Chemist: 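Sharing a structure, written as structure tokens. Questions coming.
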2 protein chains.
Amino acid sequence: MPVQHPRPRQNKRRPRGPRWRRLPEERPRQILDAAFDAFREKGLAHARLDDIARRAGVSKGTIYLYFPNKEELFGAVIRHLVAENIDAERESHAGPASAELRAYAGRIWAFLRSPNFEAVYRLTIAELHTLPALSRFFAQEIALRSMRGIARIVQRGISEGEFGAADPDDAARMLYALLVKHGVWCNQEVRNLLLPGLDDDTVFDHVMTFCLDALRPAAASTPLARHRSARR
Amino acid sequence: MPVQHPRPRQNKRRPRGPRWRRLPEERPRQILDAAFDAFREKGLAHARLDDIARRAGVSKGTIYLYFPNKEELFGAVIRHLVAENIDAERESHAGPASAELRAYAGRIWAFLRSPNFEAVYRLTIAELHTLPALSRFFAQEIALRSMRGIARIVQRGISEGEFGAADPDDAARMLYALLVKHGVWCNQEVRNLLLPGLDDDTVFDHVMTFCLDALRPAAASTPLARHRSARR
DNA sequence: TATATTACTGACTGGTCGGTCATTTATGAA
DNA sequence: TTCATAAATGACCGACCAGTCAGTAATATA
């Protein structure tokens, strides 16, 4: 909880405690949180450092004790948010690959639909040109990581005959692309134009159904085919 | 070709012709082109009107004769670019639906891969928050238009039995999502990370194959079984 | 040619805001 | 209690730049 500056008081007495506290351990976090709020609302260019300082309950100078400049602060905000959203890879080999795939994709979907993702995505895209390092970080830590996870499951499905022949990396890219794009659409103001009357779960369901249809084994060659899971 | 301002000359003689021409018909176009270049390179916030004026071969004041302010100029740039890329809907009902679908998607792909699209997309996303009207325009004129075209073809494929039962609007969304996301990836600096060693045509081919696989009719054993769709 | 009209110019202004730093305050150790 | 030092403040600076407008140049018209 940031220390509030005392408001100018009617009577002249100073308020009880100190005017501010030394909290070197907590400042970075406070500033990052405040900065994210400001960037989310205004974007990098229009967010004001004075505003960020006010939201964080510190003075502008304090920001510069912890971050060298606005751009670095922005980068730190993004990295911080991404890092805290990367959860450990949970493995769960049991059951049909389609079920594992659905569960895995579901976790990606939850991430894509989490409140912060929309802003992180928008802010990052907007600054890709200015901050190429961020782009690389994003691609590595989010996209590639997710796609590798998907590909592993698809690979299992193929070798166990549940899925038809396909390139697992291709398939992973497809599923991931569908998830991200639909996630973004869900967040847009024009959502109702693009996804009329569909709620999050339904959208996810459609994506999964489409992908599992694409991964179905070819009809003739595999008689015990179409193992496709029951949909929840 | 914009009229160049005469450089300061060593000898005092005035250059031959007039210092500038009145070209009220051509100014808007010149300014839009110059502005797009500037915005593409620097983004809305960092592009300088003095720079745009210089590139257009006019003075800053002239810009304000044709556009009320920077933001409106930005909007006009985007609308101008989108408008000139919307080509007339060409119909071509001949042949199998899969071929027509491939051709139609190919035109969308060509648009997505055209040199200007990357910049338009990035700039628009970045300003969605600030300029919601632009977002709506974009969704209507690009996304929805394309999806309707796809859905029409998918519908034909379904009724002719070439595709299995599916919701044409869903399928259109899927194909369109895959095209856009892959188009964006192709444009990114990290392309080689995400699409290692794949050229544009190959990427397109993978997308089409995946979608056509998903649209395959169900195996003969269960003729009408898979009739999901019709949710809403 | 003279005059009116329109297109255009570019120096200027006023407000904005990232970044600085001399000063003040908190805090822990002596 | 005193002192040393780290932490924090906030007034200030100056670069920046969108937008203005008085003036000038080109062209149309008489």
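Small disclaimer: the values here were computed from a predicted structure and weren't measured. In what follows, chains are A, B, ... by sequence order, proteins preceding strands, each numbered from 1.
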Chemist: Do the side-chain N or O atoms of R48(B) get closer than 4.0 angstrom to the phosphate oxygens (OP1, OP2) of dC17(D)?
Modeler: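 It does, given that an N or O in the side chain of R48(B) lies less than 4.0 Å from OP1 or OP2 of dC17(D).
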Chemist: For L49(A) and for G61(A), locate the closest nucleotide of DNA chain C by heavy-atom distance; then report the residue assigned to the nucleotide nearer the 5' terminus.
Modeler: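 The residue mapped nearer the 5' terminus is L49(A).
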Chemist: State which of dG19(C), dA26(C), dC8(C) makes the closest approach to the side chain of P18(A).
Modeler: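 Among dG19(C), dA26(C), dC8(C), the one nearest the side chain of P18(A) is dA26(C).
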Chemist: With heavy atoms under 4.0 Å as the rule, sort Y66(A) into base, sugar-phosphate or nothing.
Modeler: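 Answer is sugar-phosphate: Y66(A) comes under 4.0 Å of backbone atoms only.
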Chemist: So if I take every side-chain heavy atom of W20(A) and compare against dA8(D), dG10(C), dT20(D), which nucleotide ends up nearest?
Modeler: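 Between dA8(D), dG10(C), dT20(D), the one nearest the side chain of W20(A) would be dA8(D).
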Chemist: Is there a donor N/O on one and an acceptor N/O on the other, under 3.5 Å, for the side chain of K70(A) and the base of dG19(C)?
Modeler: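 Answer is no: no donor-acceptor pair is held.
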Chemist: Between D51(A) (CG) and dG18(C) (C1'), how many Å, whole number?
Modeler: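 Rounded to whole Å, this separation is 14 Å.
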Chemist: Rounded to the nearest Å, what distance is computed from the CZ atom of residue F67(A) to the P atom of nucleotide dG18(C)?
Modeler: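 Distance, rounded to whole Å: 16 Å.
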Chemist: Taking only the side-chain nitrogens and oxygens of R27(A), find out if one of them lies under 4.0 Å from OP1 or OP2 of dA8(D).
Modeler: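 It does, given that an N or O in the side chain of R27(A) lies less than 4.0 Å from OP1 or OP2 of dA8(D).
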Chemist: On DNA chain D, check which nucleotide each of T62(A) and D50(A) is closest to and give me the residue with the more 5' one.
Modeler: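 Nearest-nucleotide comparison on DNA chain D picks T62(A).
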Chemist: Let me confirm one number: the CE-CH2 distance from M208(A) to W109(A), rounded to the nearest 0.5 Å.
Modeler: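 The CE atom of M208(A) sits 11.5 Å away from the CH2 atom of W109(A).
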Chemist: Could you check whether any side-chain heavy atom of H182(A) comes within less than 4.5 Å of a side-chain heavy atom of M174(B), counting everything from C-beta outward?
Modeler: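 The answer is yes; the side chains approach within 4.5 Å.
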Chemist: Choosing from dG19(C), dT27(C), dC8(C), which nucleotide comes nearest the side chain of K60(A)?
Modeler: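 Given the options dG19(C), dT27(C), dC8(C), the side chain of K60(A) is closest to dG19(C).
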Chemist: Is any side-chain N or O of S59(A) closer than 4.0 Å to OP1 or OP2 of dA8(D)?
Modeler: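 For dA8(D), OP1/OP2 do not have a side-chain N/O of S59(A) under 4.0 Å.
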Chemist: Go through dG10(C), dC8(C), dG19(D) for me and flag the one nearest to the L65(B) side chain.
Modeler: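 Among dG10(C), dC8(C), dG19(D), the one nearest the side chain of L65(B) is dC8(C).
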Chemist: side-chain contact (heavy atoms from CB on, under 4.5 Å) with F74(B): which of L44(B), N69(B), T130(B), T124(B)?
Modeler: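 It is L44(B), the one option of L44(B), N69(B), T130(B), T124(B) that forms the side-chain contact (heavy atoms from CB on, under 4.5 Å) with F74(B).
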Chemist: Walk me through whether R191(B) and D199(B) qualify under salt bridge (charged side-chain N to carboxylate O under 4.0 Å, His left out).
Modeler: CA-CA 10 Å; R191(B) 168 175 184 156; D199(B) 63 22; over 6 Å; no
Chemist: Just checking A47(A): base, sugar-phosphate only, or nothing, at a heavy-atom cut-off of under 4.0 Å?
Modeler: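 The answer is sugar-phosphate, as A47(A) gets under 4.0 Å only of primed atoms, P, OP1 or OP2.
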Chemist: Would you call the rings of Y176(A) and W185(B) parallel, tilted or perpendicular if under 30° counts as parallel and over 60° as perpendicular?
Modeler: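 Y176(A) and W185(B): parallel rings.
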